[in-house]
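Here the structure is a predicted model, which is why all the values come from computation and not from measurement. Sequential numbering from 1 along the given sequence is applied to the chain's residues.
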Amino acid sequence: MNFAGLDAPLRVVQPDVVRPLLDPVMGGWPFSAVPCDDPQAKPAFATIGPLDAKKWRLEAPRAAKPVADHNPVNAICDLVVEMSWERLRSSPDLLCLHAAALTFNDRLVIFPNARRAGKSLLSATLAHAGHEVFSDDFVPLAVDPQSGVISGMANGIAPRLRMPLPDNISASLNRWIMDRIGVRNKQYGYLTGIDLPRSGTTAPVGAIVVLEGDPTMTEPASLSPVSREDAMAALVTQNFGRQVHAGAILRVTDALTRTVPVLRLRYNSVEDAAALLHETPLLHYLPAAQMAEADQPGTLPLAPLALPDVRRDGPVDLARKFNKLPDYTECESETSLYLADGDGFAIQRLNPVSAIIWTLLDEGLTGVEMVEVMQELYSDIAVDRLRADVAGALEFLWQERLIVPTSER
């Protein structure tokens, strides 16, 4: 099976057994069937098929677990994960968020992943209210090179819900969902009976809503603004993509938090939360997330999958000067400084001491001179402690490929 947007095919063993479950889950992802013996076909990125009456096998050579045997629904769950990675391998310039994304008018509202926040159930409840589900788990992002608009992309996969459904939803919502659960086991059910946007459909990102489920709440659900500090932290930790340059991730994250509303939704009842989101004027007329031309990722190289360890034996020599390595990316929120190294391997959120040291590097100071500056700033802290803090900050920045001693540049 050749799925649109994937470079490599999926091999299906015994299609007459697999397709009745697989097709509804991938209901919005177009594909074409090709014979396994097609000489023009590329090697499959994964193979799925039954082992016996109860178990299926998923073979995915590039997955963390290359061979896994599961019941059919769990095998499909694992396949969905591997297909998301294959989507990024096929288009390595795409960024991706662990998040749900639903349409509000012609804009996407992004719900970053939060453990046990009920993201998928909220997506289903909003689908009941008429909102399109672009994704309930991973959202590819692309930046238009002409306009700078940041758009999310539909994946065409049915939302996956935990089974059984919680007791605190209404009978009518329970019935609506269960009538549309076409593929399920004891753990999970896929909401297959809804219209899914076709895989690859795009819409501009218009808002980000951070979920905060609170089972102890007795007051109604509420929406409140989120600081850029919290917004950056929430989005940076939800970005993934093994080959995406960290500088690109940081720039797009910075643009998202600057150009669209970022809100926090606190709620207990998922239906109360969905009603608030559906009705609030805060989500009625949304801007389009956009990057300034100067901030667009451009032609950054792909990030390496691994880098050799640069750890040094012994303490940092504070008598030396250090220089910032070139091509780093820097973004600042209200109280934090974020850096991506020039290789694009990682994003670092600097603590206050490291942020000061990073600034002092522009002054051409030695480590000893930095300690003297820190003494003026923090006169109530012992000099030995300040010396250790400066040495630790320099060691951290060195190991993360952000600085290098002047003699080694």
- Distance-only side-chain donor-acceptor flag, Gln290 / Thr259, under 3.5 Å: no

- Task: Begin with the C-alpha distance, continue with both residues' side-chain angles, and end with the deciding distance and a verdict on side-chain contact (heavy atoms from CB on, under 4.5 Å) for Val80 and Arg160.
- Result: CA-CA 10 Å; Val80 167; Arg160 186 187 73 172; over 6 Å; no

- Message: Looking only at side-chain N and O atoms, does Arg349 offer a donor or acceptor that is under 3.5 Å from a partner on Ser336?
- Response: yes

- Indicate whether any N or O donor in one side chain lies under 3.5 Å from an N or O acceptor in the other, for Thr125 and Glu271. no

- What distance do Leu223 atom CG and Leu283 atom CG have between them, rounded to the nearest 0.5 Å? 6.5 Å

- Go through the side-chain N and O atoms of Ser91 and Arg87 and say whether any donor and acceptor fall under 3.5 Å apart. yes

- d(Asp106 CG, Leu286 CG) to nearest 0.5 Å is 8.5 Å

- Task: Please report the shortest heavy-atom distance between Val390 and Gly367, naming the atom on each side.
- Result: CG1-O, 4.0 Å

- Task: Supply the atom-to-atom distance Trp29 CH2 to Leu22 CG, rounded to the nearest 0.5 angstrom.
- Result: 10.5 Å

- Item | Carboxylate-amine/guanidinium proximity below 4.0 Å for Asp384 and Arg387 | yes

- Distance, nearest 0.5 Å, that separates CG of Leu88 from CG of Leu95: 9.0 Å

- Are any side-chain N or O atoms of Ser354 and backbone N or O atoms of Asn351, one a donor and one an acceptor, separated by less than 3.5 Å? no

- Any chance you could lay out the side-chain contact (heavy atoms from CB on, under 4.5 Å) test for Asn71 and Lys54, step after step, and finish with the verdict? CA-CA 6 Å; Asn71 65 64; Lys54 293 184 177 180; over 6 Å; no

- Do Asp254 and Arg228 sit within salt-bridge range, that is, some charged N less than 4.0 Å from a carboxylate O? yes

- Task: State whether Asp179 and Arg175 are salt-bridged, where the test is any N-O pair (Lys NZ or Arg NE/NH1/NH2 against Asp/Glu carboxylate O) under 4.0 Å.
- Result: no

- Item | Donor-acceptor under 3.5 Å (Arg264 side chain, Leu211 main chain) | no

- Hey, does Met370 have a side-chain heavy atom less than 4.5 Å from the side chain of Ile357? yes

- Please say which of Leu161, Leu165, Leu173 ends up in a side chain to side chain contact (heavy atoms under 4.5 Å, CB included) with Met178. Leu165

- Task: State, yes or no, whether a side-chain contact exists between Ile208 and Val260 at a heavy-atom distance under 4.5 Å.
- Result: yes

- Task: Please tell me if the side chains of Val183 and Val73 come closer than 4.5 Å, counting only heavy atoms from C-beta onward.
- Result: yes

- If you look at every heavy atom in Pro204 and Val149, which pair is closest and at what distance? CB-CG1, 3.8 Å

- Going by heavy atoms in the side chains, are Pro220 and Tyr267 under 4.5 Å from each other? no

- Item | Between Ser135 and Asn155: side-chain donor-acceptor atoms closer than 3.5 Å | yes

- Query: Taking atom types as modelled, is there a side-chain donor on Asn268 or Asp214 under 3.5 Å from an acceptor on the other?
  - Reply: no

- Query: Any chance the side chains of Thr406 and Asn323 put a donor and an acceptor closer than 3.5 Å?
  - Reply: no

- Item | Lys321/Glu363 salt bridge by N-O under 4.0 Å criterion | no

- With side chains defined as the heavy atoms from C-beta onward, is the minimum distance between Met26 and Phe31 less than 4.5 Å? no

- Would a line drawn from the ring center of His98 to the ring center of Phe138 be shorter than 6.0 Å? no

- So which heavy atom on Pro140 is nearest to which on Cys96, and how close? N-SG, 3.7 Å

- Query: Aromatic rings Trp398 and Phe322: how do their planes relate, parallel, tilted or perpendicular, breaks at 30° and 60°?
  - Reply: perpendicular

- Check: Ser123 side chain, Lys119 main-chain N or O, donor-acceptor pair, under 3.5 Å: yes

- Message: Are Val236 and Ile249 packed together at the side-chain level, in the sense that at least one heavy-atom pair is separated by less than 4.5 angstrom?
- Response: no

- All heavy atoms of Phe45 vs all of Ala8, minimum pair found to be CD2-O, 3.5 Å

- Candidates Leu265, Val262, Val209 - the one meeting side chain to side chain contact (heavy atoms under 4.5 Å, CB included) with Val226: Val262

- Task: State whether the number of non-hydrogen atoms from other residues, nucleotides or ligands found under 6.0 Å of Asp52 atom CG is greater than 12.
- Result: yes

- Kindly give the heavy-atom pair with the smallest separation between Val18 and Val13, and that separation in Å. CG2-O, 3.4 Å

- Just how far is it from atom NE2 of His70 to atom CG of Leu79, taken to the nearest 0.5 Å? 11.0 Å

- Item | Salt-bridge present (Glu82, Arg89; N to O < 4.0 Å) | yes

- State the CG-CZ distance between Leu282 and Phe104, to the nearest 0.5 angstrom. 11.5 Å

- Message: Quick one, Gln348 with Tyr338, criterion side-chain contact (heavy atoms from CB on, under 4.5 Å). Give me CA distance, side-chain angles, the key distance, then yes/no.
- Response: CA-CA 6 Å; Gln348 306 297 337; Tyr338 292 85; over 6 Å; no

- For the student: nearest non-hydrogen atoms of Ala246 and Ala346, plus distance: CB-O, 3.5 Å

- Message: As a quick check of understanding, evaluate side-chain contact (heavy atoms from CB on, under 4.5 Å) for Phe134 and Thr103, giving each step before the final call.
- Response: CA-CA 7 Å; Phe134 264 49; Thr103 55; 3.4 Å; yes

- Query: Going by heavy atoms in the side chains, are Lys324 and Leu402 under 4.5 Å from each other?
  - Reply: no

- Just do the salt bridge (charged side-chain N to carboxylate O under 4.0 Å, His left out) check on Lys55 and Asp69 with the steps written out, would you? CA-CA 6 Å; Lys55 284 190 175 183; Asp69 298 336; over 6 Å; no

- Message: Taking Arg107's backbone N and O only, do any of them form a donor-acceptor pair with Asn105's side chain (distance below 3.5 Å, no angle check)?
- Response: no

- Item | Phe396 ring center near Trp358 ring center (under 6.0 Å) | no

- Task: Would you check if the side chain of Ser90 reaches a backbone N or O of Glu86 as a donor-acceptor pair within less than 3.5 Å?
- Result: yes

- Is any side-chain heavy atom of Arg401 closer than 4.5 Å to a side-chain heavy atom of Tyr328? no

- Any Lys/Arg nitrogen of Arg11 or Glu59 sitting under 4.0 Å from an Asp/Glu carboxylate oxygen of the other? no

- Main-chain N/O of Thr280 paired with His284 side-chain donor or acceptor, under 3.5 Å: yes

